[in-house]
Protein chains: 2
Amino acid sequence: MDATQPDLSTSARRLLAGATECFAASGYQATTTRDISNHANLSAGSLYVHFKSKEDLLYELIRSAHGELLTALRALPDPAAGSELQLVTDQIRTVTHWHVENHLLARVAQTELPNLSDEHHQSVREQRAAIESMLTTPVVTGCEAGVFQCADPRLFVRAILSLSIDVIRWYAPNGRYTAADLAQSNVEILSAYLLRPGS
Amino acid sequence: MDATQPDLSTSARRLLAGATECFAASGYQATTTRDISNHANLSAGSLYVHFKSKEDLLYELIRSAHGELLTALRALPDPAAGSELQLVTDQIRTVTHWHVENHLLARVAQTELPNLSDEHHQSVREQRAAIESMLTTPVVTGCEAGVFQCADPRLFVRAILSLSIDVIRWYAPNGRYTAADLAQSNVEILSAYLLRPGS
DNA sequence: GTCTATAAGTTGATAGAC
DNA sequence: GTCTATCAACTTATAGAC
């Protein structure tokens, strides 16, 4: 999955999966290391064989979540000149889709940042700046090329992220909508703004 | 402010204000009752003279936050037939404005719901259903009247709430944008969808 | 690598003096 | 209504047997 951490033992992976469920359901602070260990069918002390601390485990989750989203965005094809709208809509679909499909991990990654150490928080901030930058580029380029119109690319990128990320607050599987439904809805709402007549 | 709780002592109000800051900064679980008491210049045990428990204090914050937003929405003028777009944009402005202007309290109200008791949670869910219902009505009516077009009013109302609420994740005073800026941006993005050509 | 036992500190809430 | 003192329970993390 991630070249920077290829050799996780199965116990470590079970701990990460258990922690994702616990943190997503109850929050980082309300989750005890025993909760996590039990979810992984291990006993209390065993967590510390695989992770330096509870915070270290949280960092591993948040770091890999942002890494996955970055990888998905980097896989999108570059736009031909004049077709920046295609890349923007591809990105909206990708970000929405990832947050829906990984809504538990995404909830942890988006809500538990303040519980990271300063160093870890800084490291994640860099990943987040990279994501924001990737989303901003085609919006600015498309505006300059006159392909679509956007009063403030910074606020438009915030809107992309707000609509995509906010699903973590309310999405539940087996609900009314699929990930594709939600991605399509976000694309339609946001592209209507870019293509609105009477600028 | 709120007819259902008119006689808070100044100590109680200082505790509520201190708890808002602490919960918004560190989360409900990471905040201790001593943190709250100290912020209100009181000592440990005094909190329990004014509130039955830490959870009771949280409920009071979340309940009044939702009450304030409901009151603001109810104050908007009813639309003349055919001008439902006016009410929808008024609502978008109101919801965005309230979340920006009260971003600390709003953060608590939107993120700490799972820490309420079942009874209190149910009570807040009813307030939230009332808000969602108030936002849905003019969207549906305007669609039926052909004033604007909306494929799925439920998803559109979610988009209103997502764009308005998500400011609590990143807004900071003294930043680049005012509440009016953000309200205006949300109105423009969302109304462009309702008024898009080629339905 | 897993377990049990335990250390050292913190928590929400109560009791009782003033 | 405020304070200090305190309880009982719980927390992260470590130590040492297997």
Side-chain angles (χ1 to χ4, degrees), chain A residues 5-62 108 112-121, chain B residues 5-63 108 111-121:
Chain A
Q5 191 98 19
D7 284 338
L8 290 175
S9 69
T10 70
S11 287
R13 262 176 282 148
R14 288 213 313 277
L15 285 164
L16 289 168
T20 302
E21 282 184 43
C22 292
F23 292 162
S26 318
Y28 175 78
Q29 296 278 356
T31 300
T32 71
T33 53
R34 282 169 179 78
D35 291 336
I36 301 170
S37 298
N38 291 346
H39 260 72
N41 279 104
L42 292 175
S43 226
S46 300
L47 185 149
Y48 293 90
V49 175
H50 301 280
F51 298 93
K52 227 179 63 207
S53 66
K54 184 185 170 190
E55 187 272 343
D56 197 54
L57 202 169
L58 176 66
Y59 173 60
E60 181 53 30
L61 286 179
I62 296 184
V108 176
E112 305 295 357
L113 258 72
N115 290 308
L116 291 175
S117 71
D118 287 347
E119 277 171 20
H120 287 162
H121 198 161
Chain B
Q5 191 97 21
D7 283 337
L8 289 175
S9 70
T10 71
S11 287
R13 261 177 282 147
R14 288 213 312 279
L15 285 164
L16 288 168
T20 302
E21 281 185 44
C22 293
F23 292 161
S26 317
Y28 174 79
Q29 296 279 354
T31 300
T32 70
T33 54
R34 285 165 180 80
D35 291 335
I36 300 170
S37 298
N38 292 347
H39 261 70
N41 279 103
L42 292 175
S43 227
S46 299
L47 186 149
Y48 293 90
V49 176
H50 301 281
F51 298 95
K52 227 179 64 205
S53 67
K54 185 185 172 191
E55 187 271 342
D56 197 53
L57 202 168
L58 175 68
Y59 173 59
E60 181 54 30
L61 287 178
I62 297 184
R63 187 198 61 76
V108 176
T111 65
E112 305 295 356
L113 258 72
N115 289 309
L116 292 174
S117 70
D118 287 346
E119 277 171 20
H120 286 163
H121 199 162

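Residue numbers begin at 1 in each chain, while the letters A, B, ... track the order of the sequences. What you see is a predicted model; the values in this text were computed from it and never measured.
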remark   = Taken in chain and number order and not counting sequence neighbours, the residues that satisfy side chain to side chain donor-acceptor pair (under 3.5 Å) with B:Ser53 are none

query = Who passes side chain to side chain donor-acceptor pair (under 3.5 Å) against B:Tyr59, sequence neighbours left out?
reply = B:Ser123

task = Provide, to the nearest angstrom, the distance between the CG atom belonging to A:Asn38 and the P atom belonging to D:dT11.
result = 11 Å

query = Rounded to whole angstrom units, what separation is found between the NE2 atom of A:His50 and the C1' atom of C:dC3?
reply = 12 Å

key: Where at least one partner belongs to residues 28-52 of chain B, residue pairs that pass ring-ring contact (aromatic ring centres under 6.0 Å, His included), sequence neighbours excluded   = B:Phe23-B:Tyr28

ask   = side chain to side chain donor-acceptor pair (under 3.5 Å) with B:Asn115: which residues, sequence neighbours excluded?
value = B:Gln29, B:Glu112

key: Sub-4.5 Å side-chain heavy-atom contact between B:Leu42 and B:Leu47   = no

ask   = What does nucleotides 10-15 of chain C look like as a protein-contact string, B for base, S for sugar-phosphate only, - for none, at under 4.0 angstrom between heavy atoms?
value = -SBBB-

key: B:Ser43 side chain, from C-beta outward: closest of C:dT2, D:dT4, D:dG1   = D:dT4

ask   = Rounded to the nearest Å, what distance is computed from the CZ atom of residue B:Phe51 to the C1' atom of nucleotide D:dG1?
value = 14 Å

inquiry  = Tell me every residue that passes side chain to side chain contact (heavy atoms under 4.5 Å, CB included) with B:Ser43, counting only those two or more places apart in sequence or in another chain.
reply    = none

query = Phosphate oxygens OP1/OP2 of D:dC3: is one of them under 4.0 Å from a side-chain N or O of B:Ser46?
reply = yes

